[in-house]
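The block underneath contains the structure these notes are about, expressed in structure tokens.
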Amino acid sequence: MKRLLFHLGFAVFLIAAMMGMLSIRGGLVDQAEMEFKVVPLIIFDLIFPVVFGMLFALPFLWRRYRAHKLKGFMWPEFIGIGVPSLFVAVSHWLYFTNFPLNPVTRFFAMHAINGPILFGFIFGFTLIHCIRKREDTE
């Protein structure tokens, strides 16, 4: 019962955080339309899914903290999942530079607006999820 109440409370917290962040984004959109300053909106659109992914990973971090398993960082997982997802998440902005893009990131940059948002969420989740002690599997 205690876990159920924790998860319900956490869901309410996530909903409140989403509503707050979307209202901030609405204000940035209004400011961008009035003053033609789109850089703050672009930065927020890049950081928003990463922060939300990090919020989703907080229960895992809390559980590991209570079990005293926060003594390392899983670099293979971060390099294998986090770095490619970050690359796809910033593909919209890399498209307008001279940075060479592979076909997958070029596809997300040109066609899919939700792809970078999803991969930004994955990057944020992976960033927090990698904070743990290496399990001995040998």
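A quick note: this is a predicted structure, and the numbers were derived from the prediction, not measured.
A distance of 6.0 Å separates CG of Leu14 from CG of Leu55, quoted to the nearest 0.5 Å. In this structure, CG on Asp30 lies 10.5 Å from CD on Glu35, to the nearest 0.5 angstrom. Atom CG of Leu70 sits about 6.5 Å away from atom CZ of Arg64, to the nearest 0.5 Å. Once rounded to the nearest 0.5 Å, the distance linking CZ of Arg132 with CE of Met74 reads 4.5 Å. Atoms CZ and CG, from Phe125 and Leu58 in turn, are 10.0 Å apart once rounded to the nearest 0.5 Å. Between the CD1 atom in Ile117 and the CG atom in Leu46 there is a gap of 10.5 Å [rounded to 0.5 Å].
The aromatic rings of Phe121 and Phe56 sit perpendicular, their planes meeting at an angle over 60°, well past the 30° parallel limit. Ring pair Phe48/Phe52 is tilted by interplanar angle, where 30° to 60° counts as tilted.
Within 6.0 Å of CZ in Phe6 there are more than 12 heavy atoms belonging to other residues, nucleotides or ligands.
Contact between Pro84 and Ile79 at its shortest, heavy atoms only, is CD-O, 3.2 Å. A pairwise comparison of heavy atoms in Ser91 and Pro116 identifies OG-CG, 3.9 Å as the closest pair. Of all heavy-atom pairs spanning Met54 and Gly124, the tightest one is CG-O, 3.3 Å. Nearest heavy-atom pair, Phe78 versus Leu127, reported as atom, atom and distance to 0.1 Å: CE1-CD1, 3.6 Å. Heavy-atom minimum distance, His68 versus Lys71: O-NZ, 3.8 Å. Heavy atoms only, all atoms of each residue included: Phe44 and Met21 are closest at CZ-O, 3.3 Å.
Side-chain heavy atoms closer than 4.5 Å link hydrophobic residues (I, L, V, M, F, W, Y) into clusters, and following such links, possibly through other members, connects Val39 to Leu28.
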| task | Would you sort out whether Leu8 and Leu4 count as a side chain to side chain contact (heavy atoms under 4.5 Å, CB included), showing the intermediate values? | result | CA-CA 6 Å; Leu8 285 175; Leu4 174 67; 4.2 Å; yes
| message | Quick one, Ile42 with Asp45, criterion side chain to side chain contact (heavy atoms under 4.5 Å, CB included). Give me CA distance, side-chain angles, the key distance, then yes/no. | response | CA-CA 5 Å; Ile42 290 172; Asp45 282 344; 5.8 Å; no
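For Arg63, the side chain to side chain contact (heavy atoms under 4.5 Å, CB included) partners two or more places apart in sequence, or in a different chain, are Arg3, Phe60.
Side-chain contact between Val83 and Leu86: absent, with no pair of heavy atoms (C-beta onward) separated by less than 4.5 Å.
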